[in-house]
Amino acid sequence: MPLPMPAWRRRAVLRTSALLGAAVTAGSLAGCASTVPVAVATHATDPVCADVVLSTPDVLGPGLHRLATSAQATTAWGTKQAPVVLRCGVEPPGPTTERCETIQTPNGPSIDWLVIPADAAASSTGAPTDWTFVTYGRVPAVEVHVPAEVAAQRSTSFLDALGPAIARTAKERSCV
């Protein structure tokens, strides 16, 4: 028969348990603090989106390491203050007059992207602006938002690194 635990020992065990519980809670909250808030896309539940997000690279370039996001079918890279955000399952664009570019992935697929500046006037003068890229002719559609801070420091040529993941979507149309 085990001996009863002395009162001082029970208090020490309770104190240690409380400290461990507080540490776990603080760690969990710290993890939430580093999560990038992202709005879920309309068609994020499309099973292809899970495949797309899981196929994206962990790093898009120097300083663009993967970040946790708050919504299904999303991922991000960079810093929480200026993240590059990918959302799968956005509404597929129909015919448009927006600029459409085909980006060839080295040794891989070509992906058509609509190139949409947040501020058309700023982009025409070369001033920093946020950019949104939306796949054209692919279902489900994928959107990549690049903040001005990132676009000003590097080109957006890292989009080619997303080609193999985006190629998992069905191609229905192409840029003209």
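Small disclaimer: the values here were computed from a predicted structure and weren't measured.
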Original post:
When clusters are formed by joining ILVMFWY residues with side-chain heavy atoms under 4.5 Å apart, either directly or through shared neighbours, do Val134 and Trp131 land in the same one?
Top reply: no
**OP:** Just do the side chain to side chain contact (heavy atoms under 4.5 Å, CB included) check on Val142 and Val90 with the steps written out, would you?
**Re:** CA-CA 6 Å; Val142 176; Val90 297; 5.9 Å; no
**OP:** Give the C-alpha distance, both sets of side-chain angles, the deciding distance and a yes or no for side chain to side chain contact (heavy atoms under 4.5 Å, CB included) between Phe133 and Glu143.
**Re:** CA-CA 6 Å; Phe133 298 85; Glu143 172 188 275; over 6 Å; no
Original post:
So, the side chain of Thr79 versus the backbone of Pro83: is there a donor-acceptor pair under 3.5 Å, distance only?
Top reply: no
**OP:** Show your working on side chain to side chain donor-acceptor pair (under 3.5 Å) between Arg87 and Thr69 and close with a plain yes or no.
**Re:** CA-CA 10 Å; Arg87 296 188 322 140; Thr69 57; over 6 Å; no
Original post:
Does the side chain of Pro106 come within less than 4.5 Å of Asp160's, by heavy atoms?
Top reply: yes
Original post:
Does the pair Thr102 and Asp112 meet the rule for a side chain to side chain donor-acceptor pair (under 3.5 Å), with working shown?
Top reply: CA-CA 4 Å; Thr102 301; Asp112 293 337; 2.5 Å; yes
Original post:
Going hydrophobic residue to hydrophobic residue with side-chain gaps under 4.5 angstrom, can you get from Ile111 over to Val139?
Top reply: no
Subject >> Any donor-acceptor N/O pair, Asp130 side chain to Ala148 backbone, under 3.5 Å >> reply: yes
Considering only distance and modelled atom types, tabulate donor-acceptor pairs under 3.5 Å from the side chains of residues 36-53, sequence neighbours left out.
residue	atom	partner	partner atom	Å
His43	NE2	Glu91	OE1	3.0
Asp46	OD1	Val48	N	2.9
Asp51	OD2	Arg168	NH1	3.4

Original post:
Under 3.5 Å, side chain of Trp77 to main-chain N/O of Gly63, donor-acceptor pair present?
Top reply: no
**OP:** Supply the atom-to-atom distance Cys175 SG to Arg99 CZ, rounded to the nearest 0.5 angstrom.
**Re:** 10.5 Å
Original post:
Hey, does the side chain of Arg66 reach the backbone of Thr56 with a donor-acceptor pair shorter than 3.5 angstrom?
Top reply: yes
